[in-house]
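Only one structure is covered here, and it is reproduced in the block below.
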Protein chains: 2
Amino acid sequence: MSEVQVGDSLLFLTDEQLRQGIEAMFFAYRGFTVAPDQILEGTGYGRAHHRALHFIARAPGMNVNRLLMILGVTKQSLNRVLRTLIADGLVESRVGRADKRERHLYLTEEGAALEQKLSDAQRKWMRDAYRKAGPEAVAGFRQVLEALMDGEIRQSHAALRENTP
Amino acid sequence: MSEVQVGDSLLFLTDEQLRQGIEAMFFAYRGFTVAPDQILEGTGYGRAHHRALHFIARAPGMNVNRLLMILGVTKQSLNRVLRTLIADGLVESRVGRADKRERHLYLTEEGAALEQKLSDAQRKWMRDAYRKAGPEAVAGFRQVLEALMDGEIRQSHAALRENTP
DNA sequence: GAGAATAAGTCAGGCTTGTTGACATTCCAA
DNA sequence: TTGGAATGTCAACAAGCCTGACTTATTCTC
C-alpha cells in the first residue's frame, strides 16, 4: 500500500497522490457505513434515521431547525424521518417553552437504546482502524478531515461542540 | 510506529474521540462531494455518473463486471447510468476481443472532458486540504483510511491499483 | 456437439432519501 | 394590531439504489 512519503514534501500533492486520496475517501466512507446499515437492515429505518438519532443523542433538546442545519437537508426531508421516529416512539418532540413554534427533540429510552447500538458498532469500527494506524496517524487523519470541511460545514460541526441547549 | 506518551496513546481511543472522528468523517465527506455535485447540477447527471466516469477514466478498457465490483452496486443500477452515458456519447462500450461477451468501457473525448472537469474540482479541494494539513498529517490520514476499509472494499481498491487492462 | 456457466443487458416493482410547493401556527416589530 | 419572518407540517414527485425474473450471446466443460 503506497503510503505518502513523509520526507518528500512535493510528492504528496501530485495528481496521482490526490486521486488516491480521493478514492481512499470513497472506499473508507463506504466501509464506514457498513456496520450501522447492517443493524438497520429490516428495521424500516435507514441512514437518515441513524443520523437524526445520532445528533439528537449528541445534543438532546435540540430544535428541528438546528438539526436541519447540521444535517444539511431540507426540512421536509428531515420531517419525514422525524415523523416515523416519533410515531414509533424513538424520539419525543416537545413544544418549546420560550418559543412555542419550536419543537425540541429528545430520545426516548427505546430511541436511546437503538442509538447506543448503532453508535457502539460504528465506534468499534473506528476504534479498530485507529488502533491499526496509531495515535500519530489519527492526529493527521483528524487534521486533514478538518481541512476537508468547508466553511459552512465546519460551522455545523463547531456549533455542535458548543453545548448550547 | 512511533513512541508517543502513554497518556496520549490512550486518549485517542476514548469514546468521545471516536465520536468526534465519526462526525468529522461525516462532515468531511459531505464537503468532499460539494464541488462535483455543483458541476453536475442541471446536467442531468449525478454522483452515480461521476463515479462511473471516474473509474472508467482511471482504468480505461475495464469491463462492466469489474466496474460493478468496484462501485459495489447492482448491475441494474449501474446499467441505467451507463446507458445514459453511452447514449449521450460520454462513454464508449466495445465488445471484448478475447471474450466477446465482455464489454470494455472507454471515455470519449466529451466524456474525458467532463471527467477532467469533475476531477480537477475534487482534486483542488483535496489539494487545499492537504496543503493546510501538511505531509505528515496526510500520511496519517491515508493510514487511517486504509484501516477503515474492510476486506472486500480493500480488494476493490487494490484491484484498481494493478493496472490490468 | 450438448449443456452448464458466464457476461451483459432488460423489465417490473419497491424502498429510501432527497426535492419543491403550499400551508398552519407562532412570534415580533413597526 | 397587523404584516412579515420564523418554525414546523403535509403532499406530490424525482433520483438512485435494490431485488427478482428473464433474455441474449458467448465461452467452457464433459
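Order of the sequence lines fixes the chain letters, A, B, ..., with proteins taken first and strands second; residue numbering starts at 1 for each chain.
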Sorted by chain and residue number, the side chain to side chain contact (heavy atoms under 4.5 Å, CB included) partners of B/N79 (sequence neighbours excluded) come out as B/R83
Applying side chain to side chain contact (heavy atoms under 4.5 Å, CB included) to B/R101 and not counting sequence neighbours gives B/D99
Across all chains, not counting sequence neighbours, the side chain to side chain contact (heavy atoms under 4.5 Å, CB included) partners of A/Q76 are A/T74
Exercise. Is a side-chain donor-acceptor pair under 3.5 Å present for B/S119 with A/R19?
Worked result: no
### Query
Under a 4.0 Å N-O cut-off, is there an ion pair linking B/K117 with B/E115?
no
task: Kindly say if A/T74 contacts the phosphate of C/dT19, meaning a side-chain N or O under 4.0 Å from OP1 or OP2.
output: yes
Sugar-phosphate only, base, or nothing, as touched by B/G44 at under 4.0 Å among non-hydrogen atoms: nothing
Note: chain A reaches DNA chain D at heavy-atom distances under 4.0 Å over the stretch, first to last nt, 5' to 3', of D/dA5 to D/dA11
B/R103 meets the side chain to side chain contact (heavy atoms under 4.5 Å, CB included) criterion, sequence neighbours left out, with B/V64, B/S93, B/V95
*asked:* Within the 4.0 Å heavy-atom criterion, would you say A/R47 contacts the bases, only the backbone, or no part of the nucleic acid?
replied: sugar-phosphate
Is there a side-chain contact between A/H49 and the phosphate of C/dT17, meaning an N or O under 4.0 Å from OP1 or OP2? yes
| request: Could you tell me whether A/A52 contacts a base, only the sugar-phosphate backbone, or nothing, with contacts defined as non-hydrogen atoms closer than 4.0 Å? | output: nothing
Ionic contact status for B/E146 with A/K132, cut-off 4.0 Å = no
Exercise for the section: Without swapping roles, check the side chain of B/R30 against the backbone of A/L71 for a donor-acceptor pair under 3.5 Å. Expected result: yes
Quick tally for nucleotides 7-12 of chain C: nucleotides whose base has a protein heavy atom under 4.0 Å get B, sugar-phosphate-only ones S, the rest -, giving SBBBB-
